[in-house]
Asks: 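What follows is a structure written as structure tokens; I'll ask about it next.
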2 protein chains.
Amino acid sequence: MLTIGKLGAQAGVKVPTIRYYEQIGILPEAERSAGNQRRYSRKALERLAFIRHARDLGFTLEAIRDLLSLSDNPDQSCAAADSIARAQLAEVESRLARLAALKAELERMVVQCAGGRIADCRVIEVLGDHSLCATDHHHTLNQTAQ
Amino acid sequence: MLTIGKLGAQAGVKVPTIRYYEQIGILPEAERSAGNQRRYSRKALERLAFIRHARDLGFTLEAIRDLLSLSDNPDQSCAAADSIARAQLAEVESRLARLAALKAELERMVVQCAGGRIADCRVIEVLGDHSLCATDHHHTLNQTAQ
DNA sequence: TCTAATGTCTCTAGCAACTATAGCTTCAAG
DNA sequence: CTTGAAGCTATAGTTGCTAGAGACATTAGA
């Protein structure tokens, strides 16, 4: 059995995060030592590593919740898992496209800046006037990051 | 003078967001009508459009606060504005690189999934075992999105 | 065996950048 | 003059954690 600290170290997850995962029910309630400290089995480590890995790939905790419940039922069809992953891929692709446009615009801004006074600053000028932009990085749908 | 609704419509910002910007001091307190409703000048519209545009480009509100105070002092050097923009560009570039790696991994996962049972599902399997990954999308530094 | 250091416990509050709700007041059109 | 849309304040919720306070548990060394 592992303490919460060891578990965290092995899975690469901070201790408060583990407690948080338990609190929101994505990890089951841990067994306790005589002195009320959490003790974890190897199974718990696997589950936490799964969560960690999925978070690294940008899945939301809600998606991970679904993936975990799928992985708990090995005889079901994997269509649902597949569609969660495809949705995540689509999400990542759309963020990539958007970021690429932002990058282009920022580069344009920075390159054009001659380094004089604010009054002549291209950065400030472009920010103040959207029509000076090349691309249409309009209406942001803001999502959680990575 | 514009009502808060008209201002929002013209700048592409929702009404509660405008009130929020005022609350955190990134927009000055608006003048009020006899009946205590906010009224905005053309100058306020410009300022809000600036904020909106900068948000679209992924700048944080803190960065925008700095950019605004720079733009209020047109005789200063534009070095500070330039460096804020460059920092944002670097940020965007690093997120781009990271997202590209995620995309590759997700594609690998999705493509390999044969569509059978969960027990054979490549998606679930890869999530459960980091060593099945090609790239090193390890340790996420999570930032605010776009 | 005692003690000191470290780890763990619960609980609460905070972060960014909003969004939503409730219950009220004001404004503008007909 | 009425009615309905738009505005007001205040508070709480969102996501995925992170930080702090103050108390208890565990463990290594003297």
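No hydrogens, no waters, no symmetry mates; every other heavy atom, side chains included, goes into these values. Lettering of chains follows the sequences in order, A, B, ..., and the numbering in each one begins at 1.
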Asks: State whether the number of non-hydrogen atoms from other residues, nucleotides or ligands found under 6.0 Å of A:Gln10 atom CD is greater than 12.
Replies: yes
Asks: Counting only side-chain nitrogens and oxygens, does A:Lys14 get under 4.0 Å of the OP1 or OP2 atom of D:dT18?
Replies: yes
Asks: Please state whether the phosphate of C:dC9, meaning OP1 or OP2, lies under 4.0 angstrom from any side-chain nitrogen or oxygen of A:Arg38.
Replies: yes
Asks: For B:Ile24 and D:dA10, what is the distance between atoms CD1 and C1' respectively, to the nearest whole Å?
Replies: 18 Å
Asks: Using the side-chain heavy atoms of B:Arg55, tell me which of these nucleotides is nearest: D:dT18, D:dG7, C:dC18.
Replies: C:dC18
Asks: Of the listed nucleotides (C:dA17, D:dC8, D:dC17), which one gets closest to any side-chain atom of B:Ile4?
Replies: D:dC8
Asks: Does the salt bridge (Lys or Arg N to Asp or Glu O under 4.0 Å) test come out yes or no for A:Glu46 and A:Lys43, once each step is laid out?
Replies: CA-CA 5 Å; A:Glu46 277 170 34; A:Lys43 252 188 83 166; over 6 Å; no
Asks: Whole Å only: how far is the CD atom of B:Glu62 from the P atom of C:dC18?
Replies: 12 Å
Asks: May I have the distance from B:Gln23 (atom CD) to C:dC18 (atom C1'), rounded to whole angstrom?
Replies: 11 Å
Asks: Can you find a side chain N or O atom of A:Thr3 that sits less than 4.0 Å from OP1 or OP2 on C:dT8?
Replies: yes
Asks: Is B:Thr17 close enough to C:dA17 that one of its side-chain N or O atoms is under 4.0 Å from OP1 or OP2 there?
Replies: no
Asks: Go nucleotide by nucleotide along DNA chain C from the 5' end; which of B:Ser33 and B:Leu61 gets its closest nucleotide reached first?
Replies: B:Leu61
Asks: Which whole-number value in Å describes the distance from A:Arg52 CZ to D:dG16 C1'?
Replies: 14 Å
Asks: For the pair made of OH in B:Tyr40 and P in D:dG7, what is the distance, rounded to whole Å?
Replies: 10 Å
Asks: Counting just side-chain N and O atoms, does A:Thr60 come under 4.0 Å of either OP1 or OP2 of D:dT15?
Replies: no
Asks: Nearest to the B:Tyr20 side chain among D:dT18, C:dA17, D:dG7, which nucleotide is it?
Replies: C:dA17
Asks: Does a nitrogen or oxygen in the side chain of A:Arg32 sit under 4.0 Å from OP1 or OP2 of C:dT10?
Replies: yes
Asks: I want to verify a distance call: between D:dG7, C:dC9, D:dT26, whose nearest atom is closest to the A:Asn36 side chain?
Replies: C:dC9
Asks: Kindly indicate whether the side chain of A:Arg98, heavy atoms from C-beta on, has any atom under 4.5 Å from the side chain of A:Leu102.
Replies: yes
Asks: Run the side chain to side chain donor-acceptor pair (under 3.5 Å) test on B:Gln88 and B:Arg86 for me, step by step, so that the C-alpha distance in whole Å, both residues' side-chain angles and the decisive distance to 0.1 Å come before the verdict.
Replies: CA-CA 5 Å; B:Gln88 174 62 14; B:Arg86 279 178 202 280; over 6 Å; no
Asks: Classify the nucleic acid contact of B:Arg19 as base, sugar-phosphate or nothing, counting any heavy atom under 4.0 Å across all strands shown.
Replies: base
Asks: Just to confirm, is there a sub-4.0 Å distance from OP1 or OP2 of C:dC18 to any side-chain nitrogen or oxygen of B:Tyr21?
Replies: yes
Asks: Rounding to a whole Å, what distance do you find between A:Met1:CE and C:dG7:P?
Replies: 20 Å
Asks: Hey, what do you get for CE (B:Met1) to CD (B:Gln37), rounding to the nearest 0.5 Å?
Replies: 13.0 Å
